[in-house]
Amino acid sequence: VSVAYYRLLLARQLVVSTNENLRAARDFESKVKQLVQGGEASEADLTKASLESALLERTAEAMKLEAELANHDLASFWTTDVGVPLVLADDLNNPASAPTLPQEDNLYLKRPEFQIFSAQIDGFKADARQARALMLPQLNLSFQYGIDSLHVTTRDRGYAGFVHLDIPVFDFLRARSEQRQFQSMAAQAEADKNIGKRLLSKEYQDALSQVASSYSQISVTEHQVELAKSNLNLSRLRFEGGEGTALDVVSAQSLLVQAQIDFYTTRANYLNAQSALKVASGQ
């Protein structure tokens, strides 16, 4: 659910970002058309500007489709009306808080999977002990005391003792086979538990690394977006002043689009990594 939630938030943010860049690209295309009409720009410049607008329009449609599919994916967890747009709290534009890393070691051992493994092992060992008990002679002792009469008279008092000895003969091999079978199942469950320790410890360490790496990249992508916006503004000013080319503006626009995609993707990855760390820690 967390993965689907952040997928939808990311898709919606990319739709907004792409549409903003599309409007800016169309505005630049319109200005280039005016310059071409005035003889201040070439048809090649207009072609480059139009191509950038067409590419961003295609990207915007792809992002819109991704947002719709992500909405379907998240809504399918609780409703059949998956086409209804979900109202969600947006975490991607909020300042990212520093990760709170676990202070204890081997927190993955608290995951419920290990409780299941331990319960299976204990159950198989108990079954093996029960099967072993069937291989041993069974001795039952009972003692009775009372009145054996239709009338309550003291002379009819009596007591009796019984000894019952059951020696397994025909069921001995069957009981031994069951014991070995349960012992084998307990050993297999123990092996599965050890394999689970290795795999889940890897998952836990992966989650720790992803949280730390994603958080460190957030500030880098923020600076990347600022530089891309500044580069785009300078490229437009140089083009309008006759010192730059339309290709510089188009390239700067593409760099800004990619920088914004990286920015929101990194934030979504960070929030996803925090959820994965909680799962890996047994929370």
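Heavy-atom basis, side chains included; hydrogens, waters and symmetry copies ignored.
Residues in residues 115-132 take part in these side chain to side chain donor-acceptor pair (under 3.5 Å) pairs, two or more places apart or across chains: Ser118-Lys193.
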* To do: Decide side chain to side chain contact (heavy atoms under 4.5 Å, CB included) for Leu74 and Leu88; before the verdict, give the C-alpha distance in whole Å, the side-chain angles of both, and the deciding distance to 0.1 Å.
  => CA-CA 11 Å; Leu74 180 59; Leu88 304 176; 4.0 Å; yes
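Of the inter-residue distances, the one linking Gln13 atom CD with Thr265 atom OG1 reads 11.0 Å to the nearest 0.5 angstrom. Going from atom CD1 of Ile116 over to atom CD1 of Ile121 covers 12.0 Å, rounded to the nearest 0.5 Å. In this structure, CE in Met63 is found 10.0 Å from CG in Leu56, a value given to the nearest 0.5 Å. In this structure, CG in Leu55 is found 11.0 Å from CD in Gln253, a value given to the nearest 0.5 Å. Between the CE atom in Met185 and the CG atom in Asp192 there is a gap of 11.0 Å [rounded to 0.5 Å].
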What donor-acceptor contacts under 3.5 angstrom involve side-chain atoms of residues 27-38, with partners at least two apart or in another chain?
from, atom 1, to, atom 2, distance (Å)
Glu29, OE1, Ser53, OG, 3.0
Glu29, OE2, Ser50, OG, 2.8

Sequence neighbours excluded and cut-off under 3.5 Å, please list the side-chain donor-acceptor pairs for residues 240-247, or say none.
from, atom 1, to, atom 2, distance (Å)
Thr245, OG1, Asp248, N, 3.3
Thr245, OG1, Asp248, OD2, 3.2

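Side chain of Ser213 to main chain of Gln210: no donor-acceptor pair is present (N/O by atom type, distance under 3.5 Å, no hydrogens or angles). Remark: the backbone N or O of Leu8 is not paired with any side-chain donor or acceptor of Asn71 at under 3.5 angstrom.
Using bins of under 30°, 30° to 60° and over 60° for the plane-to-plane angle, the ring pair Phe124/Phe182 lands in the parallel bin.
Looking only at atom types and distance, the side chain of Tyr270 has a donor-acceptor partner in the side chain of Gln274 under 3.5 Å away.
Salt bridge status for Glu222 with Arg267: present, with a side-chain N to carboxylate O gap under 4.0 Å.
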